Amino acid sequence: MMFTSHMELALQEAKHAADRGEVPVGAVVVSKDGVVLASAGNRTRELSDPSAHAEMLAIRDACAALGSERLIGCDLYVTLEPCAMCAGVIAAARVARVYYGASDPKSGGTAHGARVFTHAQAHHTPEVYDGIDADRCEALLTAFFAARR
């Protein structure tokens with residue numbers, strides 16, 4: 001099967017999040033057959049829910065679409081390195097591969113900070129690919145925060 005990036009859709013979700021006043025992060029879950037199961041942007045402020053990160057919302061919707069708590073063989077595309085909370089859910093859902101754009105040295109949980117997938121307690125470790133469309137992902141975040149300073 002040929003690799004097809006779904007980061008463009010994740011970026012669209014991130015832009016919609018920014019339009020809502022949310023931190024511009026978007027996520028997409030794709031089935032092992034290449035079908036988009038779910039996509040979402042951050043909604044923490046809108047829902048008054050600190051767990052309403054793009055990854056969490058997309059994973060919830062994808063699990064509901066499949067009728068399973070596991071996303072075996074599925075890929076997750078996200079515009080920002082997942083935090084420790086999201087990385088824990090990614091592992092619990094058994095996501096096969098994570099593709100992310102911008103690194104997050106402050107709050108990341110995969111390559112930075114907690115590095116959830118390297119712990120012995122991690123029940124599952126997905127393949128992780130970073131830097132996918134990183135320039136565009138970083139630019140969106142930079143512009144969002146610059147407008148608020």
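These figures come from a predicted structure and were not determined experimentally. Just so you know, these numbers use all the heavy atoms, side chains as well, and skip hydrogens, waters and symmetry mates.
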Flag side-chain contact, heavy atom, 4.5 Å: Leu37 against Leu66: yes
Side-chain (His16) to main-chain (Gly26) donor-acceptor, under 3.5 angstrom: no
Test item: His124 side-chain N/O and Val95 main-chain N/O as donor-acceptor pair under 3.5 Å: yes
Evaluation steps, side chain to side chain contact (heavy atoms under 4.5 Å, CB included), between Leu140 and Thr79: CA-CA 9 Å; Leu140 187 58; Thr79 57; 5.9 Å; no
Compile the donor-acceptor pairs under 3.5 Å between side chains in residues 47-61 and protein atoms, sequence neighbours left out, one pair per line.
from  : atom 1 : to    : atom 2 : distance (Å)
Asp49 : OD1    : Ser51 : N      : 2.8
Asp49 : OD1    : Ser51 : OG     : 2.7
Asp49 : OD2    : Ser51 : OG     : 3.3
Ser51 : OG     : Arg60 : NH2    : 3.1
His53 : NE2    : Pro50 : O      : 3.4

Tyr77 and Val30: CA distance, side-chain angles, deciding distance, side chain to side chain contact (heavy atoms under 4.5 Å, CB included) verdict: CA-CA 8 Å; Tyr77 292 81; Val30 181; 4.0 Å; yes
In one Ile/Leu/Val/Met/Phe/Trp/Tyr side-chain cluster, 4.5 Å: Leu11, Val78: no
Closest heavy-atom pair and its distance - Met7, Ser5: N-OG, 3.2 Å
For Thr125 against Phe117, the heavy-atom pair lying closest together: OG1-O, 3.2 Å
Backbone of Val23 reached by a side-chain donor or acceptor of Asn42 within 3.5 Å: yes
Test item: Glu22 side-chain N/O and Thr44 main-chain N/O as donor-acceptor pair under 3.5 Å: yes
Arg136 bridged to Glu8 by N-O distance under 4.0 Å: yes
